[in-house]
Amino acid sequence: MDINKQIKQLESVYKEKPQRVFSMYLNTDPSDPEQQGGEWKIHLKNGLNNFESYLQEEDDSDEKRNYWAVKEKVENYIKENEQSFAKSVVIFATGDDSVWFAEKFQMPVKTEFNWEETANLDQLKEMFDSFPQTGIILTQKNAIKILDTELGTLKDTKLYELDLDTEDWREHTGPPRGHAALGAGGKNTQKEQFEARFNENRYRWYKSIAATLDKLAKNKQWSRIFIVGDKDEAKDLEDNMNKKIDEVVPKNMLEHEEMKVINKVIMN
C-alpha cells in the first residue's frame, strides 16, 4: 500500500453522471465514547440509505444502478472485515469498478459520506501528512528489527541478527534467537562474557549494519525514522547512520507486538 501513490491516482478521477465517486470515512474507534455500542453500524446504514433516498427522488435509473453496485461492494467489505476493524475505515469506489480503495486504519476519522464527481480526499491527505512513511528501528543487543509503517499501519518487518562467530549481520525469519539464547537462558558466566564482548564491540558491530539501514530508509522513502532501544545502544546506532534520526526512544521493545510498538512510538 503506497498511500501517496493512491492519493495521486484518486486525484485524477473525475466521473460525470450517471457515474459518481463514492467516498466514505467511517469512525470505528472502540475507544471513542460515542462508539461504545458499535454506533458506527448505525452511521453506516444511515449514510448509505441517505444517498439511496436522494437518488430515488432524482429518478435517474442509471445512476441508481451505479450506486447500488457501490453499496453492495461496501456492505460486503464491511461484513468480511468488521472483526479486524481498528479506529477507522476509508473507502473510495465507483459503480464501473474503475475505482476501489478500501483500507482499515489505526487512526480516527470524522464519519463522512460523499457521492460526487471526484473523490473527497481531504481527510486522507491530512492523515498522510500527520503519519507519513516512517521507519522504526528496534535494537536490542545483537538483534535489530525494522518496522516499515505508513499511516500508522505496518507495511513490512525485517529482522537482522548478528552471527557472533562470523560477526556478520544476517536477515532472519522467525522469532529472534541470538540475544535470547545468550540471555536469561544461559549460565551467568556465559551471559556476563557475552555482555562484556558485546559492549566492547558494539560500536563496530553497529557500524557494519548502518549502511544497510540507510539503504532501507532510502528505498522505503521514510519521511521519519525512530530508533528504539537501550540508550547507549541506540546512540551508537544513530552515530553510525547517515540518515537523520527524528527521535530515540530509550525502551527495549524488540520483542513487543508490532502494533503496540507503533502505537507507543508514533501514534501518541
Side-chain angles (χ1 to χ4, degrees), residues 1-4 105-107 127-164 166-184 191 194-268:
M1 176 177 64
D2 186 331
I3 294 296
N4 200 28
F105 292 112
Q106 291 286 341
M107 58 200 67
M127 291 160 68
F128 184 75
D129 288 342
S130 299
F131 300 95
Q133 288 163 285
T134 299
I136 302 175
I137 301 170
L138 301 116
T139 179
Q140 194 166 331
K141 294 292 184 280
N142 57 314
I144 290 176
K145 190 179 194 180
I146 297 103
L147 307 184
D148 178 31
T149 77
E150 185 179 56
L151 285 173
T153 301
L154 181 67
K155 292 172 66 182
D156 191 24
T157 304
K158 287 183 182 292
L159 177 65
Y160 292 91
E161 289 187 299
L162 181 70
D163 185 319
L164 294 170
T166 64
E167 297 192 350
D168 291 326
W169 290 93
R170 296 182 178 178
E171 189 172 353
H172 172 63
T173 56
R177 298 169 309 203
H179 69 283
L182 287 160
K191 185 178 179 181
F194 165 70
E195 293 277 359
R197 184 184 173 199
F198 177 79
N199 289 331
E200 183 181 340
N201 294 282
R202 182 180 67 215
Y203 191 88
R204 177 171 61 86
W205 286 344
Y206 281 171
K207 185 176 183 179
S208 68
I209 196 174
T212 299
L213 300 176
D214 282 329
K215 185 178 180 182
L216 260 177
K218 181 181 178 181
N219 291 343
K220 299 288 187 181
Q221 298 181 315
W222 290 337
S223 296
R224 296 187 298 174
I225 302 174
F226 294 83
I227 295 181
V228 183
D230 172 84
K231 183 175 68 173
D232 294 332
E233 294 175 24
K235 180 69 168 59
D236 281 355
L237 194 56
E238 179 182 16
D239 287 348
N240 279 299
M241 287 182 64
N242 290 323
K243 289 288 185 180
K244 176 182 174 290
I245 305 303
D246 292 82
E247 187 179 343
V248 170
V249 181
K251 293 179 181 293
N252 284 329
M253 300 183 72
L254 185 136
E255 294 180 11
H256 290 210
E257 196 271 323
E258 283 88 350
M259 281 314 305
K260 288 184 179 178
V261 175
I262 292 171
N263 286 330
K264 181 72 177 177
V265 174
I266 64 175
M267 299 297 290
N268 284 340

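Sequential numbering from 1 along the given sequence is applied to the chain's residues.
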Look only at the side chain of [X] and the backbone of [Y], and say whether a donor-acceptor pair between them is shorter than 3.5 Å.
| X | Y | value |
| --- | --- | --- |
| Q140 | A143 | no |
| N252 | D230 | yes |
| E150 | I3 | yes |

Reported [atom1]-to-[atom2] distance for the pair [X] and [Y], which is rounded to 0.5 angstrom:
| X | Y | atom1 | atom2 | value |
| --- | --- | --- | --- | --- |
| T212 | M241 | OG1 | CE | 10.0 Å |
| E258 | L147 | CD | CG | 6.0 Å |
| M253 | K260 | CE | NZ | 9.0 Å |
| L151 | M107 | CG | CE | 5.0 Å |
| I266 | F226 | CD1 | CZ | 6.5 Å |
| E161 | D163 | CD | CG | 9.5 Å |

Which residue in the set T139, N201, D236 passes side-chain hydrogen bond (donor to acceptor under 3.5 Å, both in side chains) when paired with Y206?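 The option that passes is T139.
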
When W222 is tested against each of T134, D148, T149, D246 for side-chain hydrogen bond (donor to acceptor under 3.5 Å, both in side chains), which residue passes?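 For W222, the side-chain hydrogen bond (donor to acceptor under 3.5 Å, both in side chains) check succeeds only for D148.
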
Looking only at heavy atoms, which two atoms of Q133 and F128 are closest? And how far apart?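 Heavy atoms only, the tightest pair is OE1-CZ, 4.3 Å.
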
If every non-hydrogen atom of L138 is compared with every non-hydrogen atom of L254, which pair is closest and at what distance?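 For L138 versus L254, the nearest heavy atoms are O-CD1, 3.5 Å.
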
A side-chain contact here means heavy atoms from C-beta on lying under 4.5 Å apart; do [X] and [Y] qualify?
| X | Y | value |
| --- | --- | --- |
| E167 | R204 | yes |
| K145 | T157 | yes |
| L216 | I137 | no |
| H256 | K251 | no |

F198 and W205 aromatic ring geometry - parallel, tilted or perpendicular at 30°/60° bounds: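 Judged by the thresholds at 30° and 60°, the geometry between W205 and F198 is tilted.
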
Starting from the C-alpha separation in whole Å, work towards a yes-or-no answer on side-chain contact (heavy atoms from CB on, under 4.5 Å) for N4 and Q221. CA-CA 11 Å; N4 200 28; Q221 298 181 315; over 6 Å; no

Derivation and outcome, side-chain contact (heavy atoms from CB on, under 4.5 Å), residues N240 and I209: CA-CA 9 Å; N240 279 299; I209 196 174; over 6 Å; no

L164 vs R197, test: side-chain contact (heavy atoms from CB on, under 4.5 Å). Steps then yes/no. CA-CA 10 Å; L164 294 170; R197 184 184 173 199; 3.7 Å; yes

Answer yes or no: is there an ion pair linking [X] with [Y], defined by an N-O contact shorter than 4.0 Å?
| X | Y | value |
| --- | --- | --- |
| D214 | K218 | no |
| R202 | E233 | no |
| E255 | K141 | no |

